Amino acid sequence: RSHNRELIHRFLSIAGESLHHFRYFNQRPLSVLDHHLATYVITEGTEVIGYGHLDQEADIIWLGIAIADEYQGYGLGKLMMQHLMSSARLLQVQEIRLAVDLDNEKALPLYYQLGFTDWKQTDKVAFLNLRL
């Protein structure tokens, strides 16, 4: 588990502006990883360039991903999403949700393309869900 924390710490240190839209760790310690249903990273050599998780909060399964700035635009976000969705199905999860900033023009089309639909919305954030 400490290895997982080190990997995520390394990712957070190089992720760049993508963390503007991915604030999951702003209010949570890295120890939250110990309770995830699934946590994945994408590596390039020894560099951690992508992160994704399925996190259970009460009866809701939340999905979150982030790809380091310089690696965006290569399909890695879609790859991570598909992997997390497959993992959720294997875990027999019925529904997953995510929160996305409305100004995140790269992520929103991807989520809709993968079948997510609107659950609720604020003036800045869309909450999407996917029935599996």
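Atom set for the values below is all heavy atoms of this structure, side chains included, hydrogens, waters and symmetry mates excluded. Just so we're clear, the structure is a prediction, and the values are computed from it rather than from any experiment.
In this structure, L98 is a member of the same hydrophobic cluster as L37, with clusters built from ILVMFWY side-chain heavy atoms closer than 4.5 Å. In the hydrophobic clustering of this structure, W119 does not group with L102; members are Ile, Leu, Val, Met, Phe, Trp, Tyr whose side-chain heavy atoms approach within less than 4.5 Å, directly or through other members. Side-chain heavy atoms closer than 4.5 Å link hydrophobic residues (I, L, V, M, F, W, Y) into clusters, and following such links, possibly through other members, connects M80 to V100. Hydrophobic clustering (ILVMFWY, side-chain heavy atoms < 4.5 Å, transitive): I42 and V48 are in distinct clusters.
Under the salt bridge (Lys or Arg N to Asp or Glu O under 4.0 Å) criterion, D103 pairs with no residue at all, not counting sequence neighbours. For E70, the salt bridge (Lys or Arg N to Asp or Glu O under 4.0 Å) criterion is met by no residue, not counting sequence neighbours. Applying the side-chain hydrogen bond (donor to acceptor under 3.5 Å, both in side chains) test to K78 and every residue at least two apart in sequence or in another chain returns nothing. Looking at residues two or more places apart in sequence or on another chain, you find no salt bridge (Lys or Arg N to Asp or Glu O under 4.0 Å) involving R89. Listed by chain and number, the residues in a side-chain contact (heavy atoms from CB on, under 4.5 Å) with I14 are E47, A68 (sequence neighbours excluded). For R10, there are no side-chain hydrogen bond (donor to acceptor under 3.5 Å, both in side chains) partners at least two apart in sequence or on another chain. In terms of the side-chain hydrogen bond (donor to acceptor under 3.5 Å, both in side chains) criterion, residue partners of D118 (sequence neighbours excluded) are, by chain and number, Y112.
The local environment of CD in Q113 is crowded, with over 12 non-hydrogen atoms from other residues, nucleotides or ligands closer than 6.0 Å.
Once rounded to the nearest 0.5 Å, the distance linking CG of N26 with CG of L19 reads 8.0 Å. Here CG of L84 is found 10.5 Å from CG of L91. Values are rounded to the nearest 0.5 Å. Between the CZ atom in R131 and the CD atom in Q94 there is a gap of 6.0 Å [rounded to 0.5 Å].
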Next on the checklist: Apply side chain to side chain contact (heavy atoms under 4.5 Å, CB included) to residues L114 and M85 and explain how you reach the verdict.
Outcome noted: CA-CA 9 Å; L114 292 171; M85 291 162 56; 4.3 Å; yes
Item to check | Test side chain to side chain contact (heavy atoms under 4.5 Å, CB included) applied to S87 and L54, step by step | outcome: CA-CA 9 Å; S87 294; L54 295 173; 4.3 Å; yes
Next on the checklist: Test side chain to side chain contact (heavy atoms under 4.5 Å, CB included) on L108 and F116; report intermediate values, then the result.
Outcome noted: CA-CA 9 Å; L108 271 169; F116 281 81; over 6 Å; no
Item to check | Verdict with supporting geometry, F11 and I49, side chain to side chain contact (heavy atoms under 4.5 Å, CB included) | outcome: CA-CA 6 Å; F11 171 73; I49 61 171; 5.6 Å; no
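Pairing each heavy atom of I96 with each of A88, the nearest pair is CG2-CB, 4.1 Å. Considering all non-hydrogen atoms of both residues, V32 and D55 come closest at CG2-OD2, 4.5 Å. When all heavy atoms of H35 and S31 are compared, the closest pair comes out as CD2-O, 4.0 Å. When all heavy atoms are compared, the tightest approach of G115 to L130 is O-CD1, 3.3 Å. The two residues Y74 and Y71 make their nearest non-hydrogen contact at CD1-O, 3.2 Å.
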Side-chain donor-acceptor contacts of residues 122-129 below 3.5 Å, not counting sequence neighbours, with atom names and distances?
{"unit_1": "T122", "atom_1": "OG1", "unit_2": "K124", "atom_2": "N", "d": "3.2"}
{"unit_1": "T122", "atom_1": "OG1", "unit_2": "V125", "atom_2": "N", "d": "3.0"}
{"unit_1": "T122", "atom_1": "OG1", "unit_2": "V125", "atom_2": "O", "d": "3.4"}
{"unit_1": "N129", "atom_1": "OD1", "unit_2": "T117", "atom_2": "OG1", "d": "3.1"}
{"unit_1": "N129", "atom_1": "ND2", "unit_2": "E95", "atom_2": "OE2", "d": "2.5"}

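Screening residues 11-31 for salt bridge (charged side-chain N to carboxylate O under 4.0 Å, His left out) gives R23-D101 as the qualifying pairs, with residues at least two apart or on separate chains. Sorted by first and then second residue, the ring pair (Phe, Tyr, Trp, His ring centres under 6.0 Å) pairs involving residues 39-62 (not counting sequence neighbours) are F22-Y51, Y24-H53, F25-Y51, H36-H53, Y40-H83, Y51-H53.
With contacts defined as side-chain heavy-atom distances shorter than 4.5 Å, the pair M81/L110 qualifies. I61 has its side chain out of reach of R97: every pair of non-hydrogen atoms, C-beta onward, lies at least 4.5 Å apart. For the pair L30/L12, a side-chain contact is recorded, criterion being any heavy-atom separation below 4.5 Å from C-beta on.
When atom types are taken as modelled, the side chain of Q56 and the backbone of A58 share a donor-acceptor pair closer than 3.5 angstrom.
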